[in-house]
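Notes for the one structure printed next.
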Amino acid sequence: MRLALALALLPTIVHPDCTTDAMLVFDGSTSMIDSSMGIRGLPKIAEAQRAMARALPEIEDIRRVGLMIYGPQQVGDACEGISLRFMPIEKSAEPILEATRSFAPGGLTPLTASVARAAEVMQYRTEPGVIVLLTDGSETCGGRPCALGAQLADQAYDLTVHVIGFQLNPHDGYFQWNNPEQEFGKANVARCLADATGGIYVTTETIDELTDALRMTLGCPVIGWLENVVETAG
């Protein structure tokens, strides 16, 4: 009886994490042009767009999401292509999809600087927030994600950073001059950002896996809550 009541109430209960504004930090670097592991011939960015087209329409009904893109730059340093497209907004699915279709991937991978900028624009010292970093590679611009993770954990009011690796190149950025914290053969050093802030680090290879990861990090964590209800009700 208690379980039936809990399930009946489920649509009216909103997990507090679902209402926190989020920023998607999207990898627009040159490597996103590469085909899917050299097998299907579809560029990584096209596969990422397909996954977002599946997940984001569900997510936009429960959370405001903004978009920051790193990689492509018109002129200058290949590490300076960081662009805030828009702050968290309602009904963000189509704006995000349109923005990620409107540029050609290019540049390197300043993921640390991008997450730092996302945290700043979301006023992480005084406001709660969620950042989801979607990357196909490691840091290649000299950033130190572990140091940034420690800073965010120390200074943030309530910030969670999730990291989604998509078809990661195991050798991308594993050189001291452009990725000083990375250890060869270890997980992508960007994992530090998630570990330090209580976020999720997940690696994905397929459109289905990426779709699930987006739902897990940007969507509402109903499944875990429901499991607790079932256990309690039993």
Side-chain angles (χ1 to χ4, degrees), residues 13-29 32 44-72 81-103 105 110-136 148 152 156-166 190 193-194 197-202 204 207-225:
I13 296 175
V14 178
H15 192 290
D17 288 348
C18 296
T19 61
T20 303
D21 283 354
M23 182 71 70
L24 175 62
V25 178
F26 185 83
D27 189 338
S29 64
M32 289 294 281
K44 291 181 185 180
I45 191 169
E47 293 204 347
Q49 289 162 348
R50 291 190 180 188
M52 292 190 296
R54 294 180 185 178
L56 292 177
E58 305 167 8
I59 293 164
E60 69 176 5
D61 289 333
I62 58 173
R63 191 195 297 277
R64 301 197 313 171
V65 183
L67 177 66
M68 181 170 289
I69 297 173
Y70 67 80
I82 303 173
S83 172
L84 173 64
R85 297 306 174 97
F86 49 85
M87 293 293 289
I89 58 173
E90 296 181 355
K91 301 300 178 183
S92 60
E94 190 52 40
I96 290 175
L97 292 171
E98 182 177 350
T100 58
R101 295 185 189 115
S102 66
F103 71 91
L111 64 81
T112 308
S114 300
V115 170
R117 188 173 301 180
E120 288 291 347
V121 300
M122 295 185 72
Q123 303 180 47
Y124 76 98
R125 294 179 182 86
T126 58
E127 300 293 333
V130 172
I131 295 173
V132 175
L133 168 65
L134 172 56
T135 181
D136 80 326
L148 176 62
L152 296 178
Y157 170 72
D158 182 10
L159 178 69
T160 303
V161 181
H162 303 297
V163 178
I164 303 174
F166 181 52
L193 294 165
T197 61
I200 295 168
Y201 173 78
V202 59
T204 61
I207 295 173
D208 288 343
E209 290 175 354
L210 180 55
T211 301
D212 288 342
L214 290 167
R215 288 171 174 153
M216 183 192 311
T217 55
L218 284 173
C220 183
V222 171
I223 295 176
W225 178 86

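This structure is a prediction, so every number in the text was calculated from the model and none was measured.
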Measuring from [X]:[atom1] to [Y]:[atom2], what's the distance to the nearest 0.5 Å?
{"X": "Glu47", "Y": "Asp208", "atom1": "CD", "atom2": "CG", "answer": "10.0 Å"}
{"X": "Arg54", "Y": "Ile59", "atom1": "CZ", "atom2": "CD1", "answer": "13.0 Å"}
{"X": "Phe26", "Y": "Leu67", "atom1": "CZ", "atom2": "CG", "answer": "8.0 Å"}

Please find the pair of heavy atoms, one from [X] and one from [Y], that lie closest to each other, and give the distance.
{"X": "Gly66", "Y": "Met23", "answer": "C-SD, 3.3 Å"}
{"X": "Gly28", "Y": "Pro72", "answer": "O-CD, 3.3 Å"}
{"X": "Met68", "Y": "Ser114", "answer": "SD-O, 3.3 Å"}
{"X": "Ala116", "Y": "Leu148", "answer": "N-CD2, 3.8 Å"}
{"X": "Ala22", "Y": "Pro88", "answer": "O-CG, 3.4 Å"}
{"X": "Ala55", "Y": "Arg215", "answer": "CB-CG, 4.0 Å"}

Please list all pairs passing the salt bridge (charged side-chain N to carboxylate O under 4.0 Å, His left out) test where one or both residues lie in residues 118-133, with sequence neighbours left out.
-> Glu120-Arg125

Would you please name every residue forming a side-chain contact (heavy atoms from CB on, under 4.5 Å) with Pro128, sequence neighbours left out?
->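 In terms of side-chain contact (heavy atoms from CB on, under 4.5 Å), with neighbours along the sequence ignored, Pro128 is linked to Thr20, Tyr157, Asp158.
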
Please check: side-chain N/O of [X] versus main-chain N/O of [Y], any donor-acceptor pairing under 3.5 Å?
{"X": "Arg63", "Y": "Leu218", "answer": "yes"}
{"X": "Asp27", "Y": "Asp136", "answer": "yes"}
{"X": "His162", "Y": "Ile200", "answer": "yes"}

Out of Leu210, Thr211, Asp212, which residue meets the side-chain contact (heavy atoms from CB on, under 4.5 Å) rule with Thr204?
-> Leu210

Leu133 pairs by side-chain contact (heavy atoms from CB on, under 4.5 Å) with which of Leu24, Leu193, Thr112, Ile164?
-> Leu193

Return a table of donor-acceptor pairs under 3.5 angstrom between the side chains of residues 91-100 and protein atoms on other chains or two or more places apart.
{"from": "Lys91", "atom 1": "NZ", "to": "Asp61", "atom 2": "OD1", "distance (Å)": "2.7"}
{"from": "Thr100", "atom 1": "OG1", "to": "Ile96", "atom 2": "O", "distance (Å)": "3.2"}
{"from": "Thr100", "atom 1": "OG1", "to": "Leu97", "atom 2": "O", "distance (Å)": "3.1"}

Would you call Ile131 and Thr160 a side-chain contact if the rule is heavy atoms closer than 4.5 Å?
-> no

Is any side-chain heavy atom of Lys44 closer than 4.5 Å to a side-chain heavy atom of Phe166?
->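 With C-beta onward as the side chain, the pair touches.
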
Counterpart residues, side chain to side chain donor-acceptor pair (under 3.5 Å), relative to Tyr201 (two or more places apart) | none

Do Ile89 and Val65 pass the side chain to side chain contact (heavy atoms under 4.5 Å, CB included) test, and can you show the C-alpha distance, the side-chain angles, and the key distance before you say yes or no?
-> CA-CA 6 Å; Ile89 58 173; Val65 183; over 6 Å; no

For Glu209, salt bridge (Lys or Arg N to Asp or Glu O under 4.0 Å) partners two or more places apart = none

Would you please name every residue forming a salt bridge (Lys or Arg N to Asp or Glu O under 4.0 Å) with Arg117, sequence neighbours left out?
->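 Here no residue qualifies.
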
Within a radius of less than 6.0 Å around CZ of Arg50, do more than 12 heavy atoms belonging to other residues, nucleotides or ligands occur?
-> no

